[in-house]
Structures are given as structure tokens and as C-alpha cells.
Amino acid sequence: VTSDRERACYALGGSFTLLATGAVFEGLAFALFSGNNDALLYDTLKEEGRELDFALYQGRLSSMFQFSLATSALVATVVLRVLPFAALFWISLFPKAIGLALGLFLEEPARRTIRESNVLKHLANAVRGFARNARLCWITCAAVLSFGIGETKFYLLPGFFALYWSAWALGLARFISHLLAGTGFRLGGQIVRRIGEYRVFLGAMPFSMAMGLGAIAAADVLSPALYSFSSVPYGPANVAQSSIMQKAFSDAERATMASLAALAGNLFFAIAMTGLGALADRVGLRATLLAAEILSIPAVIIYWRLFLSVRRERMAFEDQAA
């Protein structure tokens with residue numbers, strides 16, 4: 001309902017007040033959604049004794065988001081040639097209404113723990129869950145960095161693409177990007193199952209950075225298409241990250257811990273967007289996107305250190321077993 005109100009405000013937005021109201025509803029919609037989707041999926045699978053298949057199903061569900069975004073980008077490319085921009089928001093209300101109706105049929109998984117009535121105590125327990133698990137803490141830091149920088153690039157890229165492609169073709173660039181990301185998500189669970197979460201990170205993130213740096217270095221008409229290929233590893237990396245975090249979260253605070261991680265990611269995104277946006281005003285989009293790629297390196301280093309830690313533990317366990 002909150003999301004529908006946001007779209008309606010944007011569609012009616014003939015003043016700053018309505019646009020600001022829409023932004024408030026959009027923020028509330030993200031807040032209510034944050035952390036609950038993966039927790040619901042994990043708990044549902046756990047109730048059926050299939051929590052080990054979380055990565056597979058999370059990848060499949062997430063791929064539908066990306067394929068939907070690809071479809072919306074294609075629709076926008078066509079609609080904007082004949083209708084005003086506000087018409088897109090009216091059109092977007094129809095799938096939102098269908099989603100709301102389908103949501104009425106969702107079933108809550110059975111609770112295995114007693115709900116904590118004290119909200120502050122429950123929140124404190126969730127925070128302590130991060131403090132007790134150093135590996136989860138580092139994974140969360142890497143996820144926050146990746147999300148903040150990645151989302152900032154997502155919003156800056158249309159301006160970069162516009163330097164080389166006509167305005168009508170920008171929707172096509174988004175279509176290609178989301179289509180490739182959806183394919184990556186669809187295969188993500190199988191890839192994680194085959195090679196493991198940490199190996200996915202070490203393969204996906206450098207590949208994505210290489211594609212991004214290649215597109216920036218080329219700085220020509222091929223740059224948007226080349227940059228779109230950096231979306232391919234996004235799916236497997238996201239599935240691997242969600243899989244690790246859901247395994248580490250406690251059952252009692254699963255949704256709360258996921259929400260705290262999302263909160264940290266969005267706060268960092270706000271900082272990164274402000275900082276890199278100001279940088280873009282001074283040095284241009286090309287140099288700013290290059291800086292964003294460089295700022296993604298610490299996340300790769302964190303995943304590499306975690307991979308080495310997990311491998312040492314596995315080798316020590318195998319030596320003991322032998």
C-alpha cells in the first residue's frame with residue numbers, strides 16, 4: 001500500500017510537495033521491505049527442511065526482479081516516445097496492485113522462538129549477534145561497501161551513457177543490464193552450490209570491476225554495452241552474500257539483523273551518493289566512475305581474507321579427520 005501511494009504521488013507530482021511526499025512513502029516502503037524478504041524465504045525453506053537450498057531459490061526469485069526491471073526499461077523506452085513521463089507512474093500502479101493482491105496469499109512460517117516483547121532488548125540482541133560473530137561482521141562491512149558504491153554507480157551511469165547514446169537508447173542500455181543481471185541471478189544458486197560462496201566473490205567482483213574499468217577506458221559508443229556486462233556477476237555475488245548472512249543470522253533476530261545490515265548499507269549509500277555526486281560536478285562522470293571502481297577494492301580484499309580464513313579452517317578440520 002505504501003509503495004502504491006508513492007507511485008501515485010509521483011504520477012500527480014506537479015509540485016515539490018507531492019514529489020517529497022512520494023519520496024517519504026518510497027523510503028517507508030523500502031524500510032518495511034528491508035530484511036524481511038530473505039528472512040521469510042529462509043524460514044519458509046527451514047520449515048520444510050530445505051534451508052540448504054536457500055541460495056538456489058533466492059537466486060530464482062531475485063532473477064524475477066531483474067527480468068521485471070528489464071521489461072519495465074523496455075516499456076519505458078517505448079512509452080516515453082508517445083506519452084509524458086508521469087504516465088509511467090500511472091502504468092506502474094497496475095503491477096503494484098497485482099503484487100499487493102498476491103501478497104494476501106502469503107503464509108507466515110511457524111515460529112520456533114518466543115517473540116521478545118521489548119523492542120529495544122530485541123534490537124540489542126540483534127546488535128550483539130553481529131558483535132559475537134567476527135566473520136559476519138566483516139561480511140556485513142563488505143556488503144555495505146558493495147551496496148553503497150554499487151547503488152551510486154547505478155544512479156550515475158545513465159549520465160555516463162548519455163554521453164555516447166541517444167536519449168531514447170538509454171532504456172535499451174538498462175534493458176540489457178537487467179537482462180544480464182537476471183541471468184546471473186538465475187544461475188547464481190547453482191554456481192554457489194558448485195564452487196562455494198567465497199570463490200564466487202573472488203571471481204565475480206574482479207570481473208565486474210574489469211568490465212567497468214574497460215568501459216571507462218574505452219569512453220566511446222561501446223562503453224554502455226561493455227558496462228552492461230558488469231551486471232552478469234552481480235547476481236551470483238548477491239546470492240552468495242545472502243546465503244552466508246542467512247546462515248549466520250540467529251533464528252530469533254533473523255529479519256532484524258538483515259534490516260540492520262540493510263540500514264547500514266543505505267546510510268553508506270547516502271554518504272557515497274552525496275560524495276561521489278559532488279565529485280562528479282567537479283571532475284565529470286568518467287573520473288567519478290573510475291573513483292567508484294577503485295573504492296570497491298576494499299570489499300574484494302575483505303572477501304579474500306575471509307576466503308583464506310575459511311580455507312585454513314577447512315584444511316585444519318581435514319587434517320584432524322585424517
Side-chain angles (χ1 to χ4, degrees), residues 35 37-39 41-42 45 50-67 69 133-151 153-154 177-214 227-249 254 257-258 261-262 264-265 292-293 295-315 317-318:
N37 48 347
D38 283 349
L41 175 61
Y42 189 90
L45 291 172
R50 303 168 65 186
E51 64 269 26
L52 295 180
D53 293 329
F54 172 79
L56 182 64
Y57 285 97
Q58 201 270 349
R60 289 177 179 176
L61 285 173
S62 297
S63 71
M64 299 310 297
F65 284 100
Q66 294 297 325
F67 290 143
L69 287 169
N133 191 329
R135 185 170 295 164
L136 175 59
C137 222
W138 281 111
I139 282 287
T140 304
C141 288
V144 167
L145 284 171
S146 299
F147 177 81
I149 300 299
E151 287 296 295
K153 288 192 296 183
F154 182 81
S177 179
H178 289 306
L179 186 64
L180 293 175
T183 303
F185 270 109
R186 188 72 182 177
L187 300 174
Q190 299 174 27
I191 296 172
V192 168
R193 178 183 290 178
R194 183 176 295 273
I195 69 175
E197 289 95 345
Y198 292 101
R199 285 191 175 91
V200 169
F201 289 130
L202 298 179
M205 296 192 69
F207 177 84
S208 179
M209 292 173 62
M211 291 294 99
L213 291 172
Y227 219 122
S228 295
F229 278 97
S230 66
S231 300
V232 176
Y234 172 70
N238 193 281
V239 170
Q241 173 191 298
S242 296
S243 179
I244 292 175
M245 296 179 79
Q246 289 299 322
K247 290 176 183 176
F249 291 158
R254 182 176 309 282
M257 294 176 78
E293 297 294 345
L295 289 173
S296 300
I297 293 176
V300 180
I301 296 174
I302 291 173
Y303 287 128
W304 172 250
R305 291 174 64 87
L306 289 170
F307 169 73
L308 293 178
S309 174
V310 169
R311 189 172 68 171
R312 283 195 297 268
E313 290 180 5
R314 187 173 299 166
M315 292 175 64
F317 177 78
E318 290 174 353

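Because only heavy atoms are used, hydrogens play no part in the values below, and waters and symmetry mates are left out as well, while side chains stay in. For reference, positions follow the sequence shown, starting with 1.
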Checklist outcome for this item: Rounded to the nearest 0.5 Å, the CG atom of L213 sits from the OH atom of Y227 at a distance of 7.5 Å

Checklist outcome for this item: Between P233 and F229, the two heavy atoms sitting closest are CD-O, 3.8 Å

Checklist entry - Under 6.0 Å from the CZ atom of R60, do we count more than 12 heavy atoms belonging to anything else shown? => result yes

Checklist entry - Once the angle between the rings of Y303 and F201 is folded into 0 to 90°, is it parallel (under 30°), tilted (30 to 60°) or perpendicular (over 60°)? => result parallel

Checklist entry - Is the CZ atom of F307 crowded by more than 12 outside heavy atoms at less than 6.0 Å? => result yes

Item to check | Set of salt bridge (charged side-chain N to carboxylate O under 4.0 Å, His left out) partners for R311, sequence neighbours left out | outcome: none

Checklist entry - Taking all non-hydrogen atoms of both residues, which atom of S177 and which atom of S231 are closest, and how far apart? => result OG-OG, 2.7 Å

Checklist entry - Do L308 and Y198 have side-chain heavy atoms sitting under 4.5 Å apart? => result no

Item to check | From CD1 (I301) to OG (S296), nearest 0.5 Å | outcome: 11.5 Å

Next on the checklist: Go through it in stages, so that I can follow the logic: the residues are V300 and M209, the test is side-chain contact (heavy atoms from CB on, under 4.5 Å), and I'd like the CA-CA distance, side-chain angles, deciding distance and then a yes or no.
Outcome noted: CA-CA 10 Å; V300 180; M209 292 173 62; 3.8 Å; yes

Checklist entry - Should K153 and E293 count as an ion pair when the cut-off is N to O under 4.0 Å? => result yes

Item to check | Shortest non-hydrogen separation from S62 to F185 and the atoms involved | outcome: CB-CD2, 3.3 Å

Checklist entry - Would one find more than 12 heavy atoms of other residues, nucleotides or ligands at under 6.0 Å from atom CZ of R135? => result yes

Item to check | I139: which of V144, L306, N133, I302 passes side chain to side chain contact (heavy atoms under 4.5 Å, CB included) | outcome: L306

Checklist entry - Hey, what do you get for CD (E197) to CD1 (I191), rounding to the nearest 0.5 Å? => result 12.5 Å

Next on the checklist: Ignoring hydrogens, what is the shortest heavy-atom contact between D38 and F54? Give both atom names and the distance.
Outcome noted: O-CE1, 3.7 Å

Checklist outcome for this item: Note: A204 and A237 closest approach over all heavy atoms is CB-CB, 4.0 Å

Checklist entry - At their closest point, which heavy atom of V192 faces which heavy atom of P236, and how far apart are they? => result CG2-O, 4.1 Å

Item to check | Gap separating the CD atom of Q66 from the OH atom of Y234, nearest 0.5 angstrom | outcome: 6.0 Å

Checklist entry - For the atom pair OG1 (T140) and CD (Q241), what is the distance rounded to the nearest 0.5 Å? => result 8.5 Å

Checklist entry - Just by distance, with hydrogens left out, do S242 and Q246 show a side-chain donor and acceptor under 3.5 Å apart? => result no

Item to check | R193 CZ to D53 CG distance, which is reported to the nearest 0.5 Å | outcome: 5.0 Å

Next on the checklist: Measuring only between side-chain heavy atoms, which start at C-beta, is T183 closer than 4.5 Å to V232?
Outcome noted: no

